[in-house]
Amino acid sequence: MSLQDILSVVEAGSEEEALARQVNFERLPVHVAVIMDGNGRWAAQRHLPRVEGHRAGIESVREVVEGSARLGIGVLTLYAFSVENWKRPAAEVSTLMLLLKRYLRLELNTLLRNNIRFRVIGRADELSPEIRRELSVAEEKTSSNSGMLFNIALNYGGRAEIVEAVRRLISDGVRPENLDEQRFGDYLYTAGQPDPDLLIRTSGEMRVSNFLLWQIAYAEIWVTDTLWPDFRKRDLLEAILAYQKRNRRYGGINQPAVAGR
Ligand code: FPP
């Protein structure tokens, strides 16, 4: 993927085009993770029910998935539903699941066309059989794609993921002397994937909200006041440009900014 790929999906002469031309394609973040926040506030500002914010947020999902794939991002992880989100009103939860189902049905061809591999991270086994079926179809149909990996975090909790990893390590009989950070990472949902280089959070909140707690150890965090339903390719490009200006030190000193580790 390249400048030409992203230019083919942005308007000529637009602010997005100008931003895309500033991107250094040699130093893209390999893994971008996103906490999509602010759907409820977006709806409230328009005197609409909260679910309308989620509905509008789907267009942002489409833009970011396509934009990331065309830029050449290796892995994109979107936080769609946390283990805590079950506390929301039942009608909101069921609308979120319905939107997810609809998204998968409508966007599967786009994922295939863009060579995107789709994966679920989280406790998928606690989702309804119907949703699990839709997710499996999308995972299977995109499994041989070799382009961007699109993780969707569903019924996901960072602490739960770590506890689950420890349980499996114990049940596999891994001895303490054989355990190191690399091995531990192999027991997480993201086994084999690079850690996020860039964590984006929308709607101005300065929290990590139990998202990829282990994996974001060295991620650069970029927070925007933009509410998720207003997030567009322009915002993604701004985040990437901000990332490329950062000097990543990993606890050391004065290393030049690098993509990945
Ligand atoms: C946070 O906004 C957003 C969510 C809990 C869900 C995000 C889900 C979607 C965008 C739709 C489904 C996703 C996919 C990938 C098809 P909030 O409700 O917490 O907003 P608030 O903080 O303003 O109340």
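For ligands, and for the atoms within them, numbers begin at 1 and follow the listed sequence. What you see is a predicted model; the values in this text were computed from it and never measured.
Salt-bridge check for R55 with E52: passed, with a basic side-chain N closer than 4.0 Å to an acidic carboxylate O. Between E205 and R41 there is a salt bridge, with a side-chain nitrogen of the basic residue lying less than 4.0 Å from a carboxylate oxygen of the acidic one.
Placement of L199 and L78 in two distinct hydrophobic clusters is found when ILVMFWY residues are connected by side-chain heavy-atom separations under 4.5 Å, directly or transitively. Hydrophobic cluster membership is shared by F231 and V34, with clusters built from Ile, Leu, Val, Met, Phe, Trp and Tyr side chains linked at under 4.5 angstrom.
The protein heavy atom nearest to atom 12 (C) of ligand 1 is I58 CD1, 3.8 Å. The protein heavy atom nearest to atom 6 (C) of ligand 1 is A80 O, 3.3 Å.
Heavy atoms of L78 found under 4.0 angstrom from ligand 1: none, in either backbone or side chain. Contacts of W228 with ligand 1, taken as heavy-atom pairs under 4.0 Å, involve the side chain alone. Within the 4.0 Å heavy-atom criterion, the part of R50 lying near ligand 1 is the side chain and not the backbone.
Interface atoms of ligand 1 facing G40, defined by a heavy-atom separation under 4.0 Å, are 17 (P), 18 (O), 20 (O), 21 (P), 23 (O), 24 (O). Annotation for ligand 1: atoms under 4.0 Å from non-hydrogen atoms of R41 are 21 (P), 22 (O), 23 (O). Residue I152 approaches ligand 1 through these ligand atoms, each under 4.0 Å from one of its heavy atoms: 15 (C). Applying the 4.0 Å criterion to heavy atoms of L96 picks out, from ligand 1, the atoms 6 (C), 8 (C).
Considering only heavy atoms from C-beta on, N210 comes within 4.5 Å of Y79 through its side chain. Using a 4.5 Å heavy-atom threshold, the side chains of I121 and T77 count as touching.
Side chain to side chain, E107 and T110 meet the donor-acceptor criterion of an N or O pair below 3.5 Å.
Using a non-hydrogen distance threshold of 4.0 Å, G38 registers as a contact of ligand 1.
Applying the 6.0 Å contact sphere to CZ of R167 captures no more than 12 heavy atoms from other residues, nucleotides or ligands.
Relative to atom 17 (P) of ligand 1, the option among M36, E107, K101, R88 with the closest non-hydrogen atom is R88. Among L98, D37, N39, the residue whose heavy atom sits closest to atom 9 (C) of ligand 1 is N39.
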